[in-house]
Amino acid sequence: MVISQTSERGRRRRGRGADAAPAPSRDVNYRQLRNPFPSMEVFPAEQIVDMHETALRTLQELGIKVLLPEARRIFDKAGARVEEDSEMVFIGREIVEAAIASAPKSINCRAGARRCDFTLELGSLVFQPGAGAPNATDLEKGRRPATGQDYLDFLKLTHHFDVFQMISPQVEPQDVPTHLRHYFTTQAQMELTDKFPFFYSRGTPQVMDCFEMLSTARGLSDDEFRATPHSYTIINTNSPRTLDIPMAQGLIDFARHGQMSIVTPFTLMGAMAPITVAGAITLSHAEALAAVSLTQLTNPGAPVCYGTFTSNVDMKSGAPAFGTPSHFQASLAAGQLARHLGLPWRSAAGSASNVNDVQAANENQFGLWGCLMAGATVIIHSAGWLEGGLTVSFEKMICDAEVLNMVAELCAGAQAGTAEIGYDTALREVEPSGHFFASSQTMERYNTEFYEPHVHDYANFGTWTERGSIDANHRATDVWKTILNDFKAPAGDSDRLGDLQDFIARRTAEGGAPPES
């Protein structure tokens, strides 16, 4: 079932009587999607090769600053030139090429329930909602520092919509101390959803705690845990050309334990990257290649996802801008480079708007279509993201989920068999100047043929006015409140969850694990 709750508005519009038989549900799989759109190219193939070669030259001649001593030792052992005084690492192309060869081109991601498993590879399509924001906002409580309750509520919304296959970092629960925050977020993911979980890379102690909690809650042995990715992290380089301590350590920790890293340099044209699309993406590509190389030097074959998040700044204010033509072009270029490598890859939508308005919708959808046309495997910030990542909005998450559901419908593909053409059940039944409302084909399919929106309203102006003239933003408030009110967590193993709670209580009493930097 794609949407488990149906709004009161939708029930009234269909006008079904109390004694009517339940309407058949639409059976559409939004969980294992394939991108149906042909990939666009922004640069000729020979220029993509030049960008790749320039990235290799950048790593070999200019190098990358690696702040973690262990990571420098790993590069040094592989034959890279390391300058300890400056912390610079110069990575030869043969190291990068070997890493690209050993990195898996298809990654089977194991969620808490088999129906939520998915595969990351070129051609597959996975959505994540907005992530990592320090603030939350909604029409009732306004903009505020995100709390633990906000985190739980966004997690429930993510679980509710099948079109979100991966749990994102969502918002930072700032009322939970940093040395205990990973216990809170991991316990919530184990208890409230059976989708693929996210763990921050904020030092080995926190990462090991998260791995232990996941294995406990899902009953995994060490060998079972390491055999396939059950979790992922996001690794952001510090552009230009810097890999900091927690990010480098995260690459090593996740690779050693067979868990997935999504490598995502965050480059803004004209700020921490060259002002041109080609220059910014070349820098991003070089940084991503360095991080991918570290995972493969740590554990050849470790699951790693190539990524980029490149847009421009507003040159009048210096503020990040998203959903721009340059953002779109950067996504297309990143897609060309990912296909050049053959690796699954992550891109991003998003919005710089301050509220859930038409600017927010335009920017998010333009960025989203850039990702889709670029052939992105994973699209983060696809719903709810505002202010360039400073806020996630409850209403925007609902409005954006509507668009993602419609994209997912397109992924299913239209059929044109005998039943769909309907010569006997529609065309022959209806006389000239007649209508198809009562044809056999229509009567068989009227409850299941079309996507049923959860926030869009197709009523005419008169009917909409009689219902109170409620706009989409306020309808979205009703939707998210209904989802949270009716939420039911997936059934979990009570003994395992009890063991998880015991682990958290013990580690909390021991002082937890502060983040490392």
Side-chain angles (χ1 to χ4, degrees), residues 31-32 102-121 124 126 128 155 158-159 164-169 182-235 249-263 292 294-305 343-344 377-378 489-507 513:
R31 293 182 293 274
Q32 289 87 23
S102 67
K105 307 307 182 285
S106 182
I107 305 171
N108 296 317
C109 298
R110 190 83 164 173
R114 297 292 69 76
R115 71 182 186 284
C116 298
D117 293 347
F118 56 88
T119 298
L120 296 184
E121 60 189 10
S124 63
V126 171
Q128 301 176 22
L155 181 60
T158 302
H159 177 80
F164 299 127
Q165 297 89 355
M166 301 173 76
I167 303 301
S168 78
H182 64 296
Y183 301 129
F184 175 84
T185 56
T186 303
Q187 180 178 0
Q189 291 181 85
M190 295 301 101
E191 292 181 348
L192 296 179
T193 183
D194 47 16
K195 294 185 177 182
F196 197 67
F198 167 84
F199 300 144
Y200 275 115
S201 291
R202 290 176 174 167
T204 300
Q206 286 200 3
V207 169
M208 293 303 104
D209 276 346
C210 292
F211 288 170
E212 182 68 24
M213 286 186 281
L214 187 150
S215 297
T216 298
R218 295 188 173 166
L220 300 172
S221 67
D222 287 346
D223 289 343
E224 290 171 329
F225 179 74
R226 292 170 182 265
T228 189
H230 296 268
S231 62
Y232 79 103
T233 193
I234 293 174
I235 300 296
Q249 190 65 64
L251 289 167
I252 294 169
D253 289 339
F254 273 72
R256 279 178 176 159
H257 291 81
Q259 303 306 295
M260 183 170 65
S261 298
I262 298 182
V263 177
V292 169
L294 182 55
T295 67
Q296 300 309 297
L297 293 174
T298 301
N299 179 15
V304 62
C305 188
L343 296 178
T377 311
V378 179
D493 187 296
S494 58
D495 290 338
R496 292 174 185 168
L497 293 178
D499 291 341
L500 170 65
Q501 294 162 5
D502 291 343
F503 174 86
I504 293 172
R506 175 173 61 81
R507 291 290 292 123

Between T216 and the options E212, M213, R218, the side-chain contact (heavy atoms from CB on, under 4.5 Å) test singles out E212
Out of the candidates Q165, M260, Q189, Q128, only one should pair with F196 under the side-chain contact (heavy atoms from CB on, under 4.5 Å) rule; please name it. M260
Looking only at non-hydrogen atoms, find the nearest pair between [X] and [Y] and report the distance.
X: H182; Y: T185; result: O-OG1, 3.4 Å
X: S102; Y: Q296; result: OG-OE1, 2.9 Å
X: P490; Y: L192; result: CD-O, 3.4 Å

Evaluation steps, side-chain contact (heavy atoms from CB on, under 4.5 Å), between V304 and V263: CA-CA 7 Å; V304 62; V263 177; 3.8 Å; yes
Under a 3.5 Å distance rule, please check whether [X] uses its side chain to pair with a backbone N or O of [Y] as donor and acceptor.
X: Y232; Y: I167; result: yes
X: Q206; Y: A513; result: yes
X: Q259; Y: S231; result: yes
X: R226; Y: R256; result: yes

Run the numbers on Q32 and T119 for side-chain contact (heavy atoms from CB on, under 4.5 Å), then give the verdict. CA-CA 8 Å; Q32 289 87 23; T119 298; over 6 Å; no
If we ignore angles and hydrogens, is there a donor and acceptor under 3.5 Å between the side chains of S201 and T233? yes
Go through F199 and V207 one step at a time and tell me if the side-chain contact (heavy atoms from CB on, under 4.5 Å) criterion holds. CA-CA 7 Å; F199 300 144; V207 169; over 6 Å; no
Does a side-chain N-to-carboxylate-O contact under 4.0 Å join D117 and R114? yes
Any chance you could lay out the side-chain contact (heavy atoms from CB on, under 4.5 Å) test for M190 and L214, step after step, and finish with the verdict? CA-CA 7 Å; M190 295 301 101; L214 187 150; 4.2 Å; yes
Return the orientation label for the H230 and F225 ring planes: parallel under 30°, perpendicular over 60°, tilted otherwise. parallel
